[in-house]
Amino acid sequence: MTNLGDLEIFAKVVSTGSMSLAGRMLGFSPAVVSKRIKRLEDRLGTRLLQRTTRQISLTEAGQGFYDRVLGILAGLEEAEFYISGRSAQMHGTLKISAPTSFGRMHIAPHLKAFMHAHPDLAINLVLADEFSDIVGGGFDLAIRIAELTDSSLVARRLASVRRLLCASPDYLSAHGEPRTIDDLKNHRCLPAHNGDTWRLNGPDGPLSLRPDGMLITNSSEVIREAVIAGLGIALRSTWDIGDELRAGRLVQVLPAYEGSHNVALSAVYPSRQFLPAKVRLFIDYLTELYGPVPYWERS
């Protein structure tokens with residue numbers, strides 16, 4: 001009978017495209033990984049992987065075998081998930097990538113309840129404004145706020161995202177309020193990154209504009225503080241500035257225009273077929289936490 005560990009190693013090599021990376025993630029040296037793959041191929045009597053100096057790819061037989069191996073591994077995971085009763089102890093580490101502001105405001109405060117329910121499951125939460133390489137970085141999942149286009153990853157929508165044009169009362173008092181979208185050309189705008197395009201939905205449908213920014217930064221949190229301080233007009237998400245809008249520290253401008261409705265909050269992970277129970281549990285937790293109407297949208 002084929003060793004189950006060999007199947008796990010094979011699946012990890014395919015998903016990462018690298019024996020060395022698969023080895024690091026599983027705690028084996030590249031030599032051990034190579035030996036285990038060869039042992040698997042010898043037992044099956046067929047070559048599963050085509051190896052070159054630059055890449056690893058599946059043979060035709062390897063592709064069919066890989067599809068079935070994923071089913072086996074997913075079935076085992078599902079069996080363990082069933083026995084756990086969704087509340088028994090999860091073990092290991094769940095490594096998550098998330099945007100800096102969103103992770104600080106809407107993930108970190110809610111970790112206590114999840115970790116209390118699963119005290120043997122460690123959380124490694126990595127916050128960054130740039131997209132992380134999920135596979136290369138060894139992440140179990142990533143939380144992303146974007147229009148997702150990478151078809152090699154699986155995305156589950158967690159919540160809608162509303163983005164509004166806003167400014168502080170002090171800024172509007174000093175510079176006036178824009179009445180049309182063309183008026184933005186005469187205002188100080190604060191794109192999240194200098195040169196970023198604002199994709200908006202307006203009365204006449206989608207449109208794009210590239211505002212000139214006086215402030216250059218790679219930090220979304222700096223832009224947030226800048227718009228609150230009265231430095232200009234910004235396009236911000238309601239999850240980010242909802243409290244400031246309710247308190248009157250920020251005011252929506254040009255309310256007929258909002259950010260593209262294609263942007264959403266999503267959980268992204270490498271494979272639909274082999275989804276570890278710990279990942280499923282966390283995604284389900286966030287889905288229930290945010291709900292059909294996210295709490296930051298409720299008055």
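All residue numbers refer to positions in the sequence shown, counting from 1.
Below 30°, between 30° and 60°, or above 60°: for Trp239 and His106 the angle between ring planes is above 60°, a perpendicular geometry. Aromatic ring pairs are classed by plane angle as parallel below 30°, tilted from 30° to 60° and perpendicular above 60°; the pair His110 and Tyr295 is perpendicular.
Counting non-hydrogen atoms of other residues, nucleotides and ligands closer than 6.0 Å to CZ of Arg157 gives a total above 12. Heavy atoms from other residues, nucleotides or ligands lying under 6.0 Å from CZ of Arg156 number more than 12. Other residues, nucleotides and ligands contribute only 12 or fewer heavy atoms inside 6.0 Å of the CZ atom of Arg188.
Annotation: side chain of Ile107 is in contact with side chain of Phe282 (closest heavy-atom distance under 4.5 Å). Taking the side chain as every heavy atom from C-beta outward, His118 and Met115 never approach each other to under 4.5 Å. Proximity of Leu7 to Phe65: side-chain heavy atoms (C-beta onward) are separated by under 4.5 Å at one or more points.
In this structure, a donor-acceptor pair under 3.5 Å is absent between the side chains of Thr46 and Glu41. For the 3.5 Å distance criterion, the side chains of Ser266 and Arg144 fail to qualify, holding no donor opposite an acceptor. No hydrogens or angles considered: a donor-acceptor pair under 3.5 Å links the side chains of Ser20 and Ser18.
Ion pair Asp183/Arg179 not flagged as a salt bridge, since none of the NZ, NE, NH1 or NH2 atoms sits closer than 4.0 Å to an Asp/Glu carboxylate oxygen. Contact check on Asp42 versus Arg39 returns no salt bridge, with no Lys/Arg side-chain nitrogen under 4.0 Å from an Asp/Glu carboxylate oxygen. Looking at Asp6 and Arg36, a side-chain N of the basic residue comes within less than 4.0 Å of a carboxylate O on the acidic one, giving a salt bridge.
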Residues 98-105 side chain polar contacts: donor-acceptor under 3.5 Å, at least two apart:
| from | atom 1 | to | atom 2 | distance (Å) |
| --- | --- | --- | --- | --- |
| Thr100 | OG1 | Asp129 | OD1 | 3.2 |
| Ser101 | OG | Glu221 | OE2 | 3.2 |
| Arg104 | NE | Glu221 | OE2 | 2.9 |
| Arg104 | NH2 | Glu221 | OE2 | 2.8 |

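The line from NE2 of His187 to CG of Leu165 is 11.5 Å long, rounded to the nearest 0.5 Å.
Here the side chain of Thr93 pairs no donor or acceptor atom with the backbone of Ala122 at under 3.5 angstrom.
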